[in-house]
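The block underneath contains the structure these notes are about, expressed in structure tokens.
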There are 2 protein chains.
Amino acid sequence: MADTTADTPVCDVEGTCYCPLTGVIDTLSRKYAMQLVSIIGAHDTLRFAEIEEHLPTASTSTISKRLDEFEDAGLISRTQYNEIPPRVEYALTEEGSEVRTRLEPLLEWATENR
Amino acid sequence: MADTTADTPVCDVEGTCYCPLTGVIDTLSRKYAMQLVSIIGAHDTLRFAEIEEHLPTASTSTISKRLDEFEDAGLISRTQYNEIPPRVEYALTEEGSEVRTRLEPLLEWATENR
DNA sequence: TCTTATACTTCGAAGTCCAAAGTTATGGAG
DNA sequence: CTCCATAACTTTGGACTTCGAAGTATAAGA
């Protein structure tokens with residue numbers, strides 16, 4: 001009984017309320033997504049196999065999918081070197097770094113309280 | 001080629017690295033989970049139907065599942081009043097508040113950058 | 001020719017999320 | 001006494017996601 005229009009989100013409360021929040025949060029709301037941003041951010045660049053070592057419980061295909069999604073979302077860059085055997089390096093973009101910075105307090109707490 | 005044992009996580013890098021992080025992060029890595037913590041935290045208490053208004057794109061069953069998971073994780077409390085029609089109120093616990101505090105910077109940024 | 005190395009992709013099964021309909025309980029209208 | 005209304009879920013069957021394991025592509029070096 002607060003808003004007058006039908007499709008306005010009901011966010012008229014004390015404090016900030018993140019109602020139908022989409023975008024980056026959807027990308028981060030998937031398995032291993034937050035850990036992955038943090039792991040890449042802890043290094044300058046990382047190769048696929050190194051990421052797998054850091055996230056041993058995640059399947060190859062899931063890591064691959066997360067990386068694609070992050071690239072689409074502009075959170076990471078993918079640099080491919082045309083050598084044999086192939087070499088690919090992943091790194092956070094500026095946006096990705098910003099996300100990682102804001103993710104750290106949460107992950108830190110979660111690490112201490114598991 | 002850094003660690004000598006087989007099952008030690010590869011976390012010997014500069015800075016903090018959150019390798020096979022489990023627990024609360026898994027609970028938060030599900031659809032609408034982070035938004036839900038934030039929404040409940042923006043109020044003293046919330047009823048089920050109010051939560052649904054704040055998260056119109058989430059299905060009833062998903063909200064119900066998230067609330068169960070949060071209760072199991074100790075992030076929210078569920079208070080049931082034996083009236084007809086029934087009344088149930090949800091609120092963040094102290095742990096939930098801590099999580100919300102650490103979630104805010106991320107959600108704030110995500111709101112500005114969607 | 002065969003092996004090696006890296007970075008994936010493909011596969012079928014298992015688990016998660018969806019919208020819509022159903023469940024429980026009882027107070028009040030007719 | 002029967003029917004409807006209300007709140008908070010639960011159930012259902014189908015679509016989407018994640019899983020581990022196996023397969024693909026490339027070319028240098030034995």
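In what follows, chains are A, B, ... by sequence order, proteins preceding strands, each numbered from 1.
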Checklist entry - In which stems does DNA chain D show up, taking only runs of three or more Watson-Crick or G-U wobble pairs whose two distances fall under 3.5 Å? => result C:1-30 with D:1-30

Checklist entry - Between dA7(C), dA19(C), dC9(D), which nucleotide gets closest to the side-chain atoms of Ser59(B)? => result dA19(C)

Checklist outcome for this item: Residues at least two apart in sequence or cross-chain that pass side chain to side chain donor-acceptor pair (under 3.5 Å) with Ser77(B), listed by chain then number, are none

Item to check | Under the side-chain contact (heavy atoms from CB on, under 4.5 Å) test, residues paired with Ser64(B) that sit two or more places apart | outcome: Phe48(B)

Item to check | Listed partners of Gln80(A) passing side-chain contact (heavy atoms from CB on, under 4.5 Å), at least two apart | outcome: Arg78(A), Asn82(A), Val88(A)

Next on the checklist: So, taking the atom named CG in Asp68(B) and the one named NZ in Lys65(B), what distance separates them when rounded to the nearest 0.5 Å?
Outcome noted: 9.5 Å

Just the table, please: protein N/O against nucleotides 12-16 of chain C N/O, every pair under 3.5 Å.
{"from": "dT16(C)", "atom 1": "OP1", "to": "Arg30(B)", "atom 2": "NH2", "distance (Å)": "3.3"}

Checklist entry - For Thr60(A), what residues pass the side chain to side chain donor-acceptor pair (under 3.5 Å) criterion, not counting sequence neighbours? => result Glu52(A)

Next on the checklist: Would you say Ser64(A) places a side-chain N or O within less than 4.0 Å of OP1 or OP2 belonging to dC8(C)?
Outcome noted: no

Next on the checklist: Among residues 79-90 of chain A, which ones have heavy-atom contacts with DNA chain C below 4.0 Å?
Outcome noted: Pro85(A), Pro86(A), Arg87(A), Val88(A), Tyr90(A)

Checklist entry - For Glu98(A), which residues count as a side chain to side chain donor-acceptor pair (under 3.5 Å) partner, sequence neighbours excluded? => result Arg102(A)

Checklist entry - Under 4.0 Å between a side-chain N/O of Arg47(A) and OP1 or OP2 of dA7(C), yes or no? => result yes

Checklist entry - For Ser59(B), which residues count as a side chain to side chain donor-acceptor pair (under 3.5 Å) partner, sequence neighbours excluded? => result Ser61(B), Thr62(B)

Next on the checklist: Can you list everything that forms a salt bridge (charged side-chain N to carboxylate O under 4.0 Å, His left out) with Glu89(B)? Sequence neighbours excluded, please.
Outcome noted: Arg87(B)

Next on the checklist: The criterion is salt bridge (charged side-chain N to carboxylate O under 4.0 Å, His left out); which residues satisfy it with Glu50(A), sequence neighbours excluded?
Outcome noted: none

